[in-house]
Protein chains: 2
Amino acid sequence: MENATKNQDGRHLRSKQTRQKLLEAARDIFLQEGFQNTTIKQIIKLANTGYGTAYTHFTGKDDLLIVLMEDVMQKFFDIADISFYPSSKEEARRMILDQVHTFFQIAESERDMMKVFSEAMGLSSAINAKWEQIRHKLIQSITNDITYSQQHGLARSDLKAELVARQWFYANEMYQWEIVFNRHGVSLDEIAKTITIMYTDALYL
Amino acid sequence: MENATKNQDGRHLRSKQTRQKLLEAARDIFLQEGFQNTTIKQIIKLANTGYGTAYTHFTGKDDLLIVLMEDVMQKFFDIADISFYPSSKEEARRMILDQVHTFFQIAESERDMMKVFSEAMGLSSAINAKWEQIRHKLIQSITNDITYSQQHGLARSDLKAELVARQWFYANEMYQWEIVFNRHGVSLDEIAKTITIMYTDALYL
DNA sequence: ATTTATATTGACATGGTGTCACTATTGTCA
DNA sequence: TGACAATAGTGACACCATGTCAATATAAAT
């Protein structure tokens with residue numbers, strides 16, 4: 001009666017275990033094969049379930065990956081929740097630099113999964129929509145930070161906060177992909193520093 | 001004898017015509033259906049050729065689109081070739097604003113094709129590589145412009161030109177996609193102005 | 001023990017792809 | 001001109017992944 005979650009069946013338990021097996025198998029295969037090359041067959045084989053089973057728990061490959069994305073997404077959302085109430089340009093710069101570092105470090109630590117996401121974004125509109133959520137939340141958060149700075153006389157007010165926020169976010173996002181794919185000889189640190197200086201020198205008074 | 005191009009067969013001519021028919025049909029279908037939903041079947045039907053014919057002229061869907069991309073790519077390359085020798089911050093700002101406008105205007109005028117490219121980039125690594133060429137060329141060009149400005153005492157020299165160039169390009173590219181997909185109420189003009197001001201105020205002395 | 005509810009299963013229909021052996025067309029040369 | 005060569009075009013076919021569904025297995029309830 002108190003057990004509010006659900007009918008605490010053994011059935012339900014079995015179902016949850018199967019689902020979990022599928023998710024873990026999917027993770028392994030995705031990491032090994034990438035999104036495109038992964039087939040349901042491979043996943044159910046590793047998970048040791050029947051073919052149709054995958055479809056009773058998930059709507060398809062996309063859905064499987066989306067669930068796996070959610071962990072990583074949370075890390076990004078956490079960045080948006082960092083408080084931002086600087087009282088000077090210098091303080092703002094320090095705080096922003098920290099955020100950029102955090103952002104880039106997620107890219108590094110989750111590199112392999114991020115590669116899969118990147119591939120899957122182009123292949124699945126559902127996954128794309130999921131990523132769009134991250135974008136939206138982070139841009140929203142940056143917009144708030146800029147607005148705060150403007151209202152407290154720290155930042156120039158002649159530009160629309162949201163337009164500036166997008167510009168800033170895009171630079172971050174794209175550099176993040178560069179880091180994921182190791183496209184650069186330049187250190188993560190120097191990138192963070194450079195883009196932060198450009199941003200804060202343009203925006204803050 | 002003088003006809004250096006090739007064996008001036010009627011065969012060769014016929015072949016060229018078939019190829020052209022396929023390209024035109026592909027263009028129509030791509031615009032109508034998008035990349036993913038387009039099938040070779042649809043293309044060859046519209047082009048009035050046999051199924052296998054498409055494969056003798058092109059390696060597949062990707063290849064067809066890549067050839068169609070080349071026209072548009074040229075427009076982007078043209079931007080990179082615009083000369084840039086400003087003698088003051090103000091002049092630099094004007095010139096850069098012009099470039100941004102041009103860049104955005106391509107997005108607008110080629111909107112439908114750009115949408116197809118965008119979709120296809122995620123689906124085909126060959127097409128992705130093609131787009132990467134555009135990125136590379138434009139970033140290279142911006143890097144040169146920054147270096148010139150630094151060497152002539154117009155721009156700060158404490159930042160690596162290439163890092164700044166990437167940051168700038170990414171903002172442009174991402175906003176361009178927004179324009180392509182009409183994601184914004186804000187005018188193209190205000191976007192161009194905002195990002196240019198941010199960029200030049202940060203970089204130029 | 002019987003019935004009901006839920007979970008699992010794999011065979012099947014579907015649809016697109018790329019290949020390849022074959023046909024058709026055009027050019028060449030004796 | 002007729003035979004042969006070279007090139008272009010063709011569509012049937014094998015392949016493979018997907019998602020569905022009717023059937024089956026397992027657990028719960030009575």
Side-chain angles (χ1 to χ4, degrees), chain A residues 1 3 5-26 29-30 32-67 119-120 122-127, chain B residues 1 3 5-26 29-30 32-67 119-120 122-127:
Chain A
M1 191 161 285
N3 197 325
T5 45
K6 200 61 190 276
N7 217 352
Q8 78 288 34
D9 291 1
R11 288 188 288 208
H12 194 239
L13 177 64
R14 177 169 62 123
S15 170
K16 272 202 335 192
Q17 284 171 337
T18 306
R19 187 187 149 92
Q20 200 51 36
K21 274 196 299 178
L22 282 166
L23 278 173
E24 280 160 23
I29 305 287
F30 280 143
Q32 190 187 314
E33 302 282 338
F35 186 74
Q36 175 104 285
N37 289 334
T38 293
T39 67
I40 300 289
K41 217 175 173 180
Q42 291 173 297
I43 295 175
I44 58 105
K45 190 180 166 193
L46 184 58
N48 214 30
T49 74
Y51 188 85
T53 310
Y55 287 94
T56 63
H57 289 277
F58 304 93
T59 66
K61 253 203 305 188
D62 307 16
D63 195 28
L64 238 355
L65 184 60
I66 283 177
V67 174
E119 188 197 350
L123 266 41
S124 150
S125 57
I127 288 167
Chain B
M1 191 160 285
N3 198 324
T5 45
K6 200 62 191 273
N7 217 352
Q8 78 287 36
D9 290 1
R11 288 189 287 208
H12 194 239
L13 177 64
R14 176 169 61 124
S15 170
K16 270 200 341 192
Q17 284 170 339
T18 306
R19 188 188 149 93
Q20 201 50 38
K21 276 197 298 179
L22 282 166
L23 279 173
E24 278 159 23
I29 306 286
F30 280 142
Q32 189 186 315
E33 302 282 338
F35 186 74
Q36 175 104 282
N37 290 333
T38 293
T39 66
I40 299 288
K41 218 175 172 179
Q42 291 173 296
I43 295 175
I44 60 107
K45 190 179 165 192
L46 184 58
N48 215 30
T49 73
Y51 188 83
T53 309
Y55 287 94
T56 64
H57 288 277
F58 304 94
T59 66
K61 253 205 304 189
D62 307 16
D63 195 27
L64 239 355
L65 185 61
I66 283 178
V67 175
E119 188 197 352
L123 266 41
S124 148
S125 55
I127 287 166

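Numbers restart at 1 for each chain; the letters A, B, ... are given by sequence-line order, proteins then strands. Just so we're clear, the structure is a prediction, and the values are computed from it rather than from any experiment.
In this entry the distance linking NE2 of H12(B) with C1' of dG9(D) reads 15 Å, nearest Å. Rounded to whole angstrom, the span from the CZ atom of F58(B) across to the C1' atom of dA8(D) amounts to 14 Å. For the pair I44(B) CD1 and dG16(C) C1', the computed distance is 13 Å after rounding to whole Å. Rounding to whole angstrom units, CG of residue D63(B) and C1' of dT17(C) are separated by 15 Å. One atom, NZ of K45(A), and another, C1' of dT8(C), lie 20 Å apart when rounded to the nearest Å. Between L13(A) atom CG and dA5(C) atom P there is a gap of 21 Å when expressed in whole angstrom units. Put simply, CD on Q20(A) is 16 Å from P on dA7(C), counting in whole angstrom units. The interatomic distance linking Q36(B) (CD) with dG16(C) (C1') rounds to 11 Å, in whole Å.
A close approach under 4.0 Å does occur between a side-chain nitrogen or oxygen of T18(B) and OP1 or OP2 of dG9(D). Phosphate contact (OP1/OP2 of dG9(D), side-chain N/O of H57(B), threshold under 4.0 Å): present.
A donor-acceptor pair under 3.5 Å links the side-chain atoms of E119(A) to the main chain of Q36(A), judged by distance alone.
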Using a cutoff of under 3.5 Å, can you pull out all pairs of nitrogen or oxygen atoms linking the protein to nucleotides 18-22 of chain D, with atom names and distances?
from    : atom 1 : to     : atom 2 : distance (Å)
dT18(D) : OP2    : I40(A) : N      : 3.2
dG19(D) : OP2    : Y55(A) : OH     : 2.7
dG19(D) : N7     : Y51(A) : OH     : 3.3

